[in-house]
2 protein chains.
Amino acid sequence: MARVGLTPERLAQAGAELADEVGFDEVTVSALARRFDVKVASLYSHLKNSDDLKTRIALLALEELADRGAAALAGRAGKDALAALGDVYRDYAREHPGRYAAAQLRLAPETAAASAGVRHAQMTRAILRGYDLTEPDQTHAVRLLGSVFLGYVTLELGGGFSHSAPDTQETWTRVIDALDALLRNWPAPSIPSD
Amino acid sequence: MARVGLTPERLAQAGAELADEVGFDEVTVSALARRFDVKVASLYSHLKNSDDLKTRIALLALEELADRGAAALAGRAGKDALAALGDVYRDYAREHPGRYAAAQLRLAPETAAASAGVRHAQMTRAILRGYDLTEPDQTHAVRLLGSVFLGYVTLELGGGFSHSAPDTQETWTRVIDALDALLRNWPAPSIPSD
DNA sequence: TGTATTTACCTAAAGGGTTTAGGCAAATAC
DNA sequence: GTATTTGCCTAAACCCTTTAGGTAAATACA
């Protein structure tokens with residue numbers, strides 16, 4: 001009965017690695033117990049339940065992503081910053097698909113509010129300081145950028161762009177070009193036609 | 001032992017309803033059997049396995065969505081068409097969150113190729129006929145639109161935009177405005193800076 | 001350094017989902 | 001009206017989750 005030294009943190013870390021290997025949906029308390037060569041019930045001293053595990057993995061991923069984002073944004077502005085943050089998400093998803101999926105987990109509102117998720121919103125807003133947008137357009141733009149990053153990375157990772165020319169790297173570059181052009185030239189509201 | 005009249009189609013349909021009620025992830029062969037007041041094993045004459053069920057629900061959702069898209073695009077072009085297709089996705093996700101989640105299921109390549117998924121790509125391309133884009137820019141734009149629609153609807157539905165002004169309807173309108181402006185003014189490739 | 005307490009992992013068991021094998025009765029064919 | 005097919009059944013194995021209660025290792029402290 002040698003003690004293994006389990007902690008919620010180590011379990012979340014190992015869970016994140018497991019997620020990258022087998023997919024976030026395949027992460028189970030049982031599989032994690034196997035990985036530590038320990039009985040399943042033992043994990044329940046450190047974890048409330050299966051959801052608790054998944055939440056911890058999600059929080060870990062959000063934090064890693066925010067750290068990478070902050071590092072990438074340091075000293076950059078405008079389109080440079082835009083491209084850098086976009087690359088952070090895209091590269092992270094390719095390196096750590098399981099963690100990236102975890103970061104998409106729907107968290108309880110209070111959990112989300114206390115998570116690194118808020119740093120993500122702040123970073124996107126920081127990028128927009130390099131463009132000439134005031135409220136409420138800035139919020140619209142934050143939401144648009146979030147949508148594009150999430151949607152693009154999800155589709156590319158899921159194979160939605162596969163086996164078709166041109167390659168996805170080229171599209172990615174052009175999407176960043178397009179977003180930059182759009183932000184520099186943000187349109188006024190159109191007049192409702194009815 | 002009265003016969004209930006199960007068929008793969010009825011099961012997929014009921015599964016779709018179940019998904020909207022309890023969430024796509026909560027759809028299980030067991031729950032579906034309960035709904036038909038039938039033993040679980042009975043469903044396995046009509047379904048290969050749990051994955052088969054989920055795939056059928058996904059295909060059903062993709063088809064419904066494509067049908068709605070086609071109806072919405074009929075007789076429209078340009079920004080009108082763009083807004084109409086976007087609304088189709090957004091409204092469908094709100095009316096049928098479980099089905100919408102199902103439509104996001106990663107399908108096996110051959111399954112995807114034979115699904116209504118291809119009609120979706122065609123519809124997006126059809127919209128771009130109202131703008132002055134040639135290949136490969138058209139493909140870049142198709143991918144961008146797909147990303148925005150997927151990302152926006154996912155975030156809005158997941159509560160990612162909640163409790164913050166301005167409201168999401170306004171942002172949605174402005175996002176469509178922005179995409180229209182972008183497509184009318186699609187930027188040439190930028191010169192790599194290194 | 002020896003004893004008391006806490007802590008970490010264990011066994012056992014119940015409950016639910018998935019899936020296969022084999023049986024019987026209802027529908028259908030002729 | 002009999003033969004065949006088909007549809008739903010029982011039974012059982014396997015895996016994951018979660019709780020209850022036990023034992024041994026680590027720690028506290030005299």
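Proteins come first, then strands; the chains are lettered A, B, ... in the order of their sequence lines, and each starts at number 1.
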Indicate yes or no: does [X] engage [Y] in a salt bridge with an N to O separation below 4.0 Å.
X: B:Arg143; Y: A:Glu170; result: no
X: B:Arg119; Y: B:Asp67; result: yes
X: A:Arg94; Y: A:Glu156; result: yes
X: B:Asp177; Y: B:Arg174; result: yes

Interatomic distance where [atom1] belongs to [X] and [atom2] belongs to [N] [whole Å]:
X: A:Lys54; N: D:dC16; atom1: NZ; atom2: P; result: 12 Å
X: B:Leu6; N: C:dA26; atom1: CG; atom2: P; result: 17 Å
X: A:Glu26; N: C:dT18; atom1: CD; atom2: C1'; result: 14 Å
X: B:Leu47; N: D:dC8; atom1: CG; atom2: P; result: 12 Å
X: B:Leu43; N: D:dT6; atom1: CG; atom2: C1'; result: 16 Å
X: B:Asp51; N: C:dG17; atom1: CG; atom2: C1'; result: 14 Å

Is any side-chain nitrogen or oxygen of [X] closer than 4.0 Å to OP1 or OP2 of [N]?
X: B:Thr28; N: C:dT18; value: yes
X: B:Ser45; N: D:dT6; value: no
X: B:His46; N: D:dC8; value: yes

Its contact letters, B for base, S for sugar-phosphate only and - for none at protein heavy atoms under 4.0 Å, make nucleotides 10-15 of chain D read BB----
### hbond_proxy A:Arg3 side chain to D:dA26 base (donor-acceptor, 3.5 Å cutoff)
no
